Amino acid sequence: MQPMTKDTDNMPATRTEMSRHSFLGIELEIAGGVLIPREETELLGRTAIGIVANSTSPLVIDMCCGSGNLGLAIASAVPSAKVMSADLTDETVNAARHNTQRLGLSDRVEVYQGDLFAAFGDKSPAGKVDLVVCNPPYISAKRLHETLAHLLEEEPREAFDGGPFGISILQRLVRDSADMLRPGGSLAFEFGEGQHHQVAHLLSRSGAYEEISFVDNELGIARVAIARKK
């Protein structure tokens, strides 16, 4: 897969009943009701892999995991990593579990179902996680109703809808990840074009993070945030 040359938030992905898609060198099978990973999200994947590549047995959470693409790419690239993936819907959880089994990573990747970190229940790894990685919904409900309505023709609203201003899930992610991360652990997530200043404000206002930075795509647009737990 070639590096991204332009932002593709507005581009619909073609869906078949069961299709195969490559993401950072792994092949995923994806059925209806699950977001097809965008090439732009490989920027987040490469960033996440770089964060834990030299760690010893890192514990990673892949939140809003969808097809499992980020967590599985990390587990594939970092053989010592253990990944706890989670998403809300039956379709995404089934897809992530299916891909985990297909790729032979069931010994290091577990998939949970629920509302963000509540998915882990009594298995919550609070205070022990080295990295939380997330590609959350970050498009405003208004844009989905108007200019970006085509995105919902073949893919689920849950994958895109970030609430009235597009940051509802981002707010919860920033707040709740702090409880999961060990001191010095990292949060890395994707956000939409033009949300850079909102994201910077969310991270700084939380008071839980330091070393806040951003990764630009090939067009020089900030699309990934990284923050370290104090």
Side-chain angles (χ1 to χ4, degrees), residues 23-26 28 37-38 40-87 92 96 99-100 103 105-112 114 116-121 123-138 169-191 199-200 202-204 206-217 222-230:
F23 183 84
L24 287 176
I26 61 172
L28 305 163
R38 269 50 170 181
E40 66 204 26
T41 302
E42 293 196 357
L43 178 64
L44 174 59
R46 291 191 297 269
T47 299
I49 290 168
I51 290 172
V52 297
N54 297 317
S55 302
T56 302
S57 302
L59 176 59
V60 177
I61 288 178
D62 175 15
M63 185 50 62
C64 304
C65 69
S67 63
N69 54 304
L70 285 166
L72 293 170
I74 293 168
S76 179
V78 185
S80 65
K82 178 181 178 181
V83 179
M84 300 176 70
S85 299
D87 214 320
T92 52
N99 285 312
T100 298
L103 294 170
L105 293 170
S106 298
D107 59 329
R108 292 189 293 116
V109 179
E110 294 182 288
V111 183
Y112 297 80
L116 293 184
F117 298 99
F120 302 128
K123 293 185 179 180
S124 172
K128 301 177 182 178
V129 178
D130 296 283
L131 171 67
V132 174
V133 63
C134 182
N135 179 20
Y138 51 71
I169 303 300
L170 291 174
Q171 289 174 316
R172 296 178 60 198
L173 175 71
V174 167
R175 182 191 67 209
D176 296 347
S177 292
D179 293 331
M180 295 292 111
L181 292 167
R182 63 167 178 79
S186 297
L187 168 63
F189 60 92
E190 183 176 311
F191 56 87
V199 168
L202 286 175
L203 289 166
S204 61
S206 75
Y209 302 96
E210 58 188 3
E211 298 182 31
I212 299 168
S213 61
F214 297 89
V215 183
D216 294 349
N217 64 17
R223 295 302 307 275
V224 170
I226 309 169
R228 189 178 298 275
K229 169 80 175 292
K230 288 182 179 179

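No experiment lies behind these values; they were computed from the predicted model shown. Atoms considered below: every heavy atom in the structure, side chains included; atoms not considered: hydrogens, waters and symmetry mates.
Side-chain contact check for N217 versus E40: every heavy-atom pair is 4.5 Å or farther apart. Side-chain contact between L70 and F23 is present, with heavy atoms from C-beta onward closer than 4.5 Å. You'll find the side chain of T47 reaches within 4.5 Å of the side chain of I226, heavy atoms only. In this structure, L24 and I49 have side chains that are in contact, with non-hydrogen atoms separated by less than 4.5 Å. Between L116 and C64, the closest side-chain pair of non-hydrogen atoms falls below 4.5 Å. Under the 4.5 Å side-chain criterion, counting only non-hydrogen atoms from C-beta, V133 is not in contact with I51. By the 4.5 Å heavy-atom criterion applied to side chains, P58 and L131 are not counted as neighbours. For the pair Y112/I61, no side-chain contact is recorded, criterion being any heavy-atom separation below 4.5 Å from C-beta on.
Of all heavy-atom pairs spanning A75 and V109, the tightest one is CB-CG2, 3.7 Å. Shown here for G71 and V83, the closest heavy-atom pair between the two residues is O-CG2, 3.7 Å. Minimum heavy-atom separation, L59 to P125: CD2-CB, 3.8 Å. Of all heavy-atom pairs between L44 and C134, the closest is CD2-O, 3.3 Å. Taking both residues in full, the closest heavy atoms of T56 and S80 are given as C-OG, 4.5 Å, listed atom of the first, atom of the second, then distance. When all heavy atoms of N69 and C65 are compared, the closest pair comes out as OD1-O, 3.5 Å.
Atom NZ of K230 is surrounded by more than 12 heavy atoms from other residues, nucleotides or ligands within 6.0 Å. The neighbour count for D107 CG, taken as heavy atoms of other residues, nucleotides or ligands under 6.0 Å away, is above 12.
The main-chain N or O of F120 is never found under 3.5 Å from a side-chain atom of S124 such that the two would form a donor-acceptor pair.
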Output a table of donor-acceptor pairs, distance under 3.5 Å, between side-chain atoms of residues 170-184 and any protein atom two or more places apart or on a different chain; print 'none' if there are none.
from: R172; atom 1: NH1; to: D115; atom 2: OD1; distance (Å): 3.3
from: R172; atom 1: NH2; to: D115; atom 2: OD1; distance (Å): 3.2
from: R172; atom 1: NH2; to: D115; atom 2: OD2; distance (Å): 3.0
from: S177; atom 1: OG; to: L173; atom 2: O; distance (Å): 2.7
from: R182; atom 1: NE; to: D130; atom 2: OD1; distance (Å): 2.6
from: R182; atom 1: NH2; to: D130; atom 2: OD1; distance (Å): 3.2

